[in-house]
Amino acid sequence: MLLLVSPANGPATHCPRNHLTTLEPQLDNKLMGASKVVTRFAPSPTGFLHIGGARTALFNFLFARHHGGDFRLRIEDTDRARSTEPAIAAILDGLGWLNFDWDGEVVYQFARAARHADVAHQLLANGHAYRCYATPEELEAMRAAQRAAKQPMRYDGRWRDRSDWPNDAPHVIRLKAPQTGSVTIDDLVQGPVTVANAELDDMVLLRSDGTPTYMLAVVVDDHDMGVTHVIRGDDHLNNAFRQLALIRAMGWQEPAYAHIPLIHGADGAKLSKRHGALGVNEYRDQLGLLPEAVENYLLRLGWGHGDDEFISREQAVEWFDLSGVGRGPARFDMKKLESVNGHYLRQADDARLTALIAPGVGAALGREPTARDLDILQRSMAELKKRANNLNDLATSSLFYLRSRPIPMDDAAAKLLASAAPGILARARTAFAQGDDWSAPALENQARALADAAAVKLGQVAQPLRAAVTGAAQSPGLFDVMAMLGRDEILGRIDDALQMMEEGAKP
RNA sequence: GGUCCCUUCGUCUAGCGGUCUAGGACGUCGCCCUUUCACGGCGAAAACACGGGUUCGAUUCCCGUAGGGAUCACCA
């Protein structure tokens, strides 16, 4: 039995579900009689967790939960030059934000290099692998020749059957893969896919410096972790055939495969920075999206359950299956994501939203929001959240409540004031100042009475007032806002507007 | 280029031989609600890539074509 090691000085392993021990999964399965489903998400920390990776993680997570199995996390950090600590931290952070809780400890692939090399040597010993002394230059020349002859570029097996090994010369270890026949993978998403063995060459298992290649590491780790279902991007579909050859050479249990289509940009091309290939952290920090919205959108991208659009985590766990995953690449649509986010925003708890926008509001205000500010925000949230599709807009739209007088006035509001019926604002001010009931219905009645007296529509009174009170031409219900902010503040803001108009009228 | 995969409204999808004059959602447009903007409600335009088969009958099955994608490292 071997241990899955985490580097002692690695990043803090955020481990929400580590109540599960790291008992050898194979043993677990035997004890249970049947094979318990085990999936894994295996990002390489060479960049941040992007949206495609998040979806792969979601599918693995959902599939495992649906079957009551384990969802494991493995960091593929064997590329020492490109793997970074910040990237690892961002991946764990992103997964945590999305609430994709994994089981057991995080497996760091690099830490298992000795185990990988061991497998390569076992293969060497039992004749399923061989030493190849071809130099990189030699291989490059080989490919150049193949290219020139319009032949497929493949390793030609020149060391496959040799044993006249030069002493101490650098060499790699290659898998001695079958050369005839074919392999069929019954992919859970793509269906049966067959490739002739003649199309596959002998892949490198161990580099000349003794380090394992990705192909070796993945297969060994998946096996050791007891992974039963490999769910990953379909850019790995071709790899699956060579990995299967390795699995068979070792006589290991073959996992089921599910290769899910990649996500494309709005223009149908591969997702790039241009159109949404942001790290999931940026979806949170810059776009102001809610994790449940991102999850729901990702789930519906390439998968459907009848006409259902909004699917809760619980329903997703109950309904998710691989056969429902579409086989063509789906395009990323920011508009729809925003719309889904708007839906979840309206569902979200007011206190939660208040807490989420507080930092942004504070930054815009240039001061720490006070308890009173937060109280106003929370009580206004029900109205505010109907008008926003993301947290940024939500924060911005709430600012007018909290700004100190005189509040800034946008162009549309200024225009509203300039074109208001002469004296209407002053008359409204007088009426409000005289009233003794500062409730929304009472304020509205006063405004209506005023409009009737002036023989104008309510809008003629309400719009200039709205400009004075909110500094904008659109806002939540005017009288609710007035009631919320109180008599002194409102009369003060009207006075500010009156003064501004007076100054504007002077030459 | 070789190999492999994919193809329903602009986009995400429902459809798994007849229920399709093809349904839902986003987006777009119109109307309603209304103190503004939203929310909400109602409605409209909008798709089975093309060509052959199979079948009594194809959006659904098969084969081509076109288009798109993935992959061909001592990278993961």
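The chains referred to below are lettered A, B, ... by the order of the sequence lines, with proteins before strands, and numbering in each begins at 1.
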Interatomic distance, A:Y155 OH vs B:rC74 C1' [rounded to whole Å]: 12 Å
Paired nucleotide for B:rC16 [Watson-Crick or G-U wobble; both distances under 3.5 Å]: none
Touch class at under 4.0 angstrom, heavy-atom based, for A:L416 against every strand present: nothing
Nucleotide B:rA70, atom C1' - distance to CD1 of A:I260 in whole Å: 14 Å
From A:T78, A:D221, A:D118, residue fulfilling side chain to side chain donor-acceptor pair (under 3.5 Å) relative to A:R112: A:D221
Base-pairing mate for B:rG40 - Watson-Crick or G-U, with both contacts under 3.5 Å: B:rC32
Sugar-phosphate only, base, or nothing, as touched by A:D209 at under 4.0 Å among non-hydrogen atoms: nothing
Length of the line joining A:D186:CG and B:rC5:C1', which is rounded to integer Å: 15 Å
Spacing of the P atoms in B:rG51 and B:rC32 (rounded, Å): 44 Å
Summary of ring-ring contact (aromatic ring centres under 6.0 Å, His included) pairs that have at least one residue in residues 440-476 of chain A, sequence neighbours excluded: none
Per-nucleotide protein contact string for nucleotides 10-15 of chain B, where B marks a base within reach and S marks sugar-phosphate only (heavy atoms under 4.0 Å, - for neither): -SBSS-
Within 6.0 angstrom of A:D411 CG, more than 12 heavy atoms from elsewhere: no
Any strand: nucleotide that pairs with B:rA25 via Watson-Crick or wobble, under 3.5 Å: B:rU11
Phosphate OP1/OP2 of B:rG2 contacted by A:R147 side-chain N/O (<4.0 Å): no
Test applied, side chain to side chain contact (heavy atoms under 4.5 Å, CB included); reference residue, A:V219; option that passes from A:L175, A:D224, A:L246: A:L246
Sugar-phosphate only, base, or nothing, as touched by A:R242 at under 4.0 Å among non-hydrogen atoms: nothing
Base B:rC74 to side chain A:S208, donor-acceptor N/O within 3.5 Å cut-off: yes
Reading 5' to 3' through nucleotides 38-50 of chain B, protein heavy-atom contacts under 4.0 Å coded B for base, S for sugar-phosphate only, - for none: BS-----------
Sugar-phosphate only, base, or nothing, as touched by A:T46 at under 4.0 Å among non-hydrogen atoms: nothing
Euclidean distance for P, B:rU7 against B:rG15 (whole angstrom): 14 Å
Sugar-phosphate only, base, or nothing, as touched by A:H236 at under 4.0 Å among non-hydrogen atoms: base
Passing candidate, side chain to side chain donor-acceptor pair (under 3.5 Å) with A:D202, options A:R154, A:R160, A:K176, A:R158: A:R160
Sugar-phosphate only, base, or nothing, as touched by A:A134 at under 4.0 Å among non-hydrogen atoms: base
Whole angstrom value for the distance that separates C1' of B:rA76 from NE2 of A:H116: 13 Å
Mate of B:rU65 where both pairing distances stay under 3.5 Å, Watson-Crick or G-U: B:rA49
B:rG18 versus B:rA76 - spacing of their P atoms, nearest Å: 49 Å
Between B:rC29 and B:rC56 - P atom distance, rounded Å: 50 Å
Result of checking A:H236, A:R327, A:R232 against A:H259 for side chain to side chain donor-acceptor pair (under 3.5 Å): A:R232
Separation of B:rA70 P from A:D234 CG (nearest whole Å): 9 Å
Ring centers of A:W303, A:F320 separated by less than 6.0 Å: yes
Residues that A:H116 engages under ring pair (Phe, Tyr, Trp, His ring centres under 6.0 Å), provided they are two or more places apart: none
Atom pair distance, as rounded to whole Å: CZ in A:R232 and P in B:rU71: 13 Å
Below 4.0 Å: OP1/OP2 of B:rU36 and any side-chain N or O of A:S475: no
Between B:rC42 and B:rC33 - P atom distance, rounded Å: 15 Å
Sugar-phosphate, base or nothing in reach of A:V204, heavy atoms under 4.0 Å: sugar-phosphate
A:L384 CG - B:rU36 P separation (whole Å): 18 Å
Any strand: nucleotide that pairs with B:rU3 via Watson-Crick or wobble, under 3.5 Å: B:rA70
B:rA49 versus B:rU8 - spacing of their C1' atoms, nearest Å: 10 Å
Side-chain (A:R174) to main-chain (A:C132) donor-acceptor, under 3.5 angstrom: no
Phosphate contact (B:rC72 OP1 or OP2) by A:R154 side-chain N/O below 4.0 Å: no
Identified side chain to side chain donor-acceptor pair (under 3.5 Å) counterpart of A:D222 within the set A:H229, A:R72, A:R40: A:R40
Sugar-phosphate, base or nothing in reach of A:T470, heavy atoms under 4.0 Å: nothing
Rounded C1' spacing from B:rU28 to B:rG10 in Å: 9 Å
Spacing of A:I424 atom CD1 relative to B:rU35 atom P, expressed in whole Å: 16 Å
Sequence-distant partners of A:A114, side chain to side chain contact (heavy atoms under 4.5 Å, CB included), two or more places apart: none
Of the listed nucleotides B:rA76, B:rA70, B:rC37, the one nearest the side chain of A:Q474: B:rC37
Selection from B:rG27, B:rU36, B:rC4 that lies nearest to any side-chain heavy atom of A:V193: B:rC4
5'-most by nearest nucleotide on RNA chain B - A:A196 or A:D201: A:A196
Please output the side-chain donor-acceptor pairs of residues 445-459 of chain A that fall under 3.5 Å, not counting sequence neighbours, one pair per line with the distance.
residue : atom : partner : partner atom : Å
A:N445  : ND2  : A:P441  : O            : 3.4
A:R448  : NE   : A:E444  : OE2          : 3.1
A:R448  : NH2  : A:E444  : OE2          : 2.7

Among B:rC4, B:rA70, B:rU35, the nucleotide that comes nearest once only the side chain of A:D235 is considered: B:rA70
Comparing A:P476 and A:P170 on RNA chain B - which has the more 5′ nearest nucleotide: A:P476
Nearest to side-chain heavy atoms of A:A462, which nucleotide of B:rC4, B:rU35, B:rA76: B:rU35
Spacing of the P atoms in B:rA22 and B:rC48 (rounded, Å): 11 Å
Verdict with reasoning, A:Q347 to A:E292, per side-chain contact (heavy atoms from CB on, under 4.5 Å): CA-CA 11 Å; A:Q347 306 255 292; A:E292 61 267 40; over 6 Å; no
